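Report on one structure; see the data block that follows.
These numbers were taken from a predicted model, which means no experiment stands behind them. First listed ligand is number 1; within each ligand, the first listed atom is number 1.
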Amino acid sequence: MPTLEIRDLHVSVETKEGPKPILRGVDLTIASGETHAIMGPNGSGKSTLASALAGHPKYTVTSGTVTLDGEDLLAMTVDERARAGLFLAMQYPVEVTGVSVANFLRTAKTAIDGTAPALRTWGKEVKGAMENLRMDPAFAERSVNEGFSGGEKKRHEILQMELFKPRFAILDETDSGLDVDALRIVSEGVNRAKENTEVGVLLITHYTRILRYIKPDFVHVFVDGKIAEEGGSELADRLEEEGYDKYVGANATATA
Ligand SMILES: Nc1ncnc2c1ncn2[C@@H]1O[C@H](COP(=O)(O)OP(=O)(O)OP(=O)(O)O)[C@@H](O)[C@H]1O
Ligand SMILES: [Mg+2]
């Protein structure tokens with residue numbers, strides 16, 4: 001069974017003052033079909049983990065290993081990681097002026113699969129996926145994320161997930177800024193992908209409300225660059241009630 005295995009991962013970010021250590025020994029194994037939720041205070045390193053896995057050049061792995069299906073993920077370029085089946089829905093999706101959504105989706109799908117999708121079926125697939133996510137067809141002709149509302153950007157991330165069919169998807173606060181209807185629609189998209197493709201999901205969130213729609217098999221508490229506790233979905237409820245005080249040192253600057 002395909003697995004994403006993170007072992008004792010240490011990551012620094014490049015800053016003007018030099019490298020700053022953020023991740024301090026992350027251990028996490030995600031098997032195909034599993035959903036893992038990560039919750040933790042602001043600034044604890046959740047997005048850094050997502051960026052490091054995706055291969056963002058600003059983040060340097062100083063020690064540890066990550067394998068996807070036994071292959072060394074860290075030795076791969078960003079596009080090799082995508083071709084290996086890794087997908088990241090970003091916390092802050094970037095705007096790409098002059099590249100239409102339709103063009104972007106087709107180009108990315110071609111790059112990931114190694115062959116262009118069949119024209120006739122692809123058009124239908126995109127249209128159907130957009131309908132499912134209640135996205136106006138006019139979005140296909142707009143520049144990627146340009147002028148999209150926060151919630152529209154998040155839907156566009158899940159549209160990509162449904163179309164690219166990754167083996168592992170990291171969803172970084174895909175629920176933030178969604179209205180109640182959009183939260184349900186986006187969650188349904190994730191659940192469809194789970195049913196259709198056995199994708200393994202790493203869901204970074206601050207709120208238990210998305211976990212009522214997307215049931216996590218495991219919940220991890222992320223504090224100060226590593227996992228402080230693991231449990232089932234009951235752990236998420238407890239965190240929402242109690243906060244992160246018991247995990248955060250008296251001198252910590254985190255503001256959950
Ligand atoms: N490029 C950078 N330069 C300086 N510091 C950085 C940089 N990138 C990340 N950091 C720092 O690393 C820490 C972790 O940031 P990260 O974005 O991973 O947190 P997070 O857990 O995702 O927080 P949030 O819940 O607010 O999204 C923060 O203190 C942040 O300021
Ligand atoms: Mg973040």
Side-chain angles (χ1 to χ4, degrees), residues 4 6 8-28 30 35-64 66 73-74 78 81 86-95 145 150-151 153-154 156-158 160-161 168-178 183 186 190 201-211 214 216 218-230 235-236 238-256:
L4 180 67
I6 305 166
D8 197 26
L9 189 69
H10 291 249
V11 168
S12 292
V13 64
E14 302 308 324
T15 71
K16 279 187 213 113
E17 293 78 39
K20 175 180 164 189
I22 308 287
L23 300 188
R24 305 158 189 276
V26 179
D27 283 297
L28 184 61
I30 305 172
T35 297
H36 294 246
I38 287 190
M39 306 182 83
N42 293 136
S44 54
K46 304 178 300 297
S47 294
T48 301
L49 174 64
S51 296
L53 293 176
H56 192 298
K58 244 188 169 168
Y59 300 87
T60 308
V61 174
T62 50
S63 66
V66 183
L73 189 83
L74 301 177
V78 173
R81 294 177 199 208
L86 189 73
F87 173 79
L88 169 64
M90 286 183 278
Q91 183 172 2
Y92 304 108
V94 289
E95 302 189 355
N145 289 321
K153 286 180 180 169
K154 301 290 176 168
H156 180 236
E157 297 290 293
I158 298 308
Q160 293 166 52
M161 180 186 173
F168 291 95
I170 304 162
L171 309 180
D172 192 356
E173 295 199 29
T174 300
D175 53 335
S176 289
L178 294 181
L183 180 70
V186 158
V190 175
V201 177
L202 183 61
L203 185 75
I204 298 169
T205 184
H206 285 294
Y207 307 104
T208 53
R209 49 176 210 161
I210 193 172
L211 305 179
I214 305 171
F218 304 93
V219 173
H220 309 270
V221 188
F222 206 85
V223 181
D224 202 15
K226 56 177 186 282
I227 290 168
E229 193 178 344
E230 297 175 325
L235 178 55
R238 207 180 79 209
L239 292 170
E240 191 152 84
E241 255 170 49
E242 299 174 4
Y244 300 109
D245 271 4
K246 72 180 254 203
Y247 303 103
V248 180
N251 300 322
T253 52
T255 50

For Glu229 and Arg238: C-alpha separation, side-chain torsions, deciding distance, then whether salt bridge (charged side-chain N to carboxylate O under 4.0 Å, His left out) applies. CA-CA 12 Å; Glu229 193 178 344; Arg238 207 180 79 209; 3.2 Å; yes
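With salt bridges taken as basic N to acidic carboxylate O contacts below 4.0 Å, none links Asp172 and Lys46. With respect to the salt-bridge test (charged N to carboxylate O, under 4.0 angstrom), the residues Lys154 and Glu173 do not qualify.
Ring geometry, Tyr59 versus His56: the interplanar angle exceeds 60°, so the pair is classed perpendicular (tilted spans 30 to 60°).
Considering only heavy atoms from C-beta on, Arg209 comes within 4.5 Å of Leu183 through its side chain. At a threshold of 4.5 Å between non-hydrogen side-chain atoms, the residues Leu88 and Leu53 do not count as touching.
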Starting from the N and O atoms of ligand 1, collect every protein N/O partner closer than 3.5 Å and put each pair on its own line with the distance to 0.1 Å.
unit_1	atom_1	unit_2	atom_2	d
ligand 1	8 (N)	Tyr59	OH	3.3
ligand 1	18 (O)	Ser47	N	3.4
ligand 1	18 (O)	Thr48	N	2.8
ligand 1	18 (O)	Thr48	OG1	2.5
ligand 1	19 (O)	Gly45	N	3.4
ligand 1	21 (O)	Ser44	N	3.2
ligand 1	21 (O)	Ser44	OG	3.4
ligand 1	21 (O)	Gly45	N	2.9
ligand 1	21 (O)	Lys46	N	2.9
ligand 1	21 (O)	Lys46	NZ	2.7
ligand 1	22 (O)	Ser47	N	2.9
ligand 1	22 (O)	Ser47	OG	2.9
ligand 1	23 (O)	Gly43	N	2.8
ligand 1	25 (O)	Asn42	ND2	3.1
ligand 1	25 (O)	Lys46	NZ	2.8
ligand 1	25 (O)	His206	NE2	2.9
ligand 1	26 (O)	Asn42	ND2	2.9
ligand 1	27 (O)	Gln91	OE1	3.1
ligand 1	27 (O)	Gln91	NE2	3.1
ligand 1	27 (O)	Glu173	OE2	3.4

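Summarising the geometry of Leu235 relative to Glu230, their closest heavy-atom pair is CD2-C, 3.7 Å, with the distance given to 0.1 Å.
Between Ile227 and the options Val221, Leu28, Asp27, Leu49, a side chain to side chain contact (heavy atoms under 4.5 Å, CB included) holds for only Leu28. With Gln91 as reference, Ser47 is the one residue of Ser51, Ser47, Ser176 to meet the side-chain hydrogen bond (donor to acceptor under 3.5 Å, both in side chains) rule.
For the Mg ion (ligand 2), the neighbouring protein N/O/S atoms at less than 2.8 Å, given as residue and atom, are Ser47 OG, Gln91 OE1.
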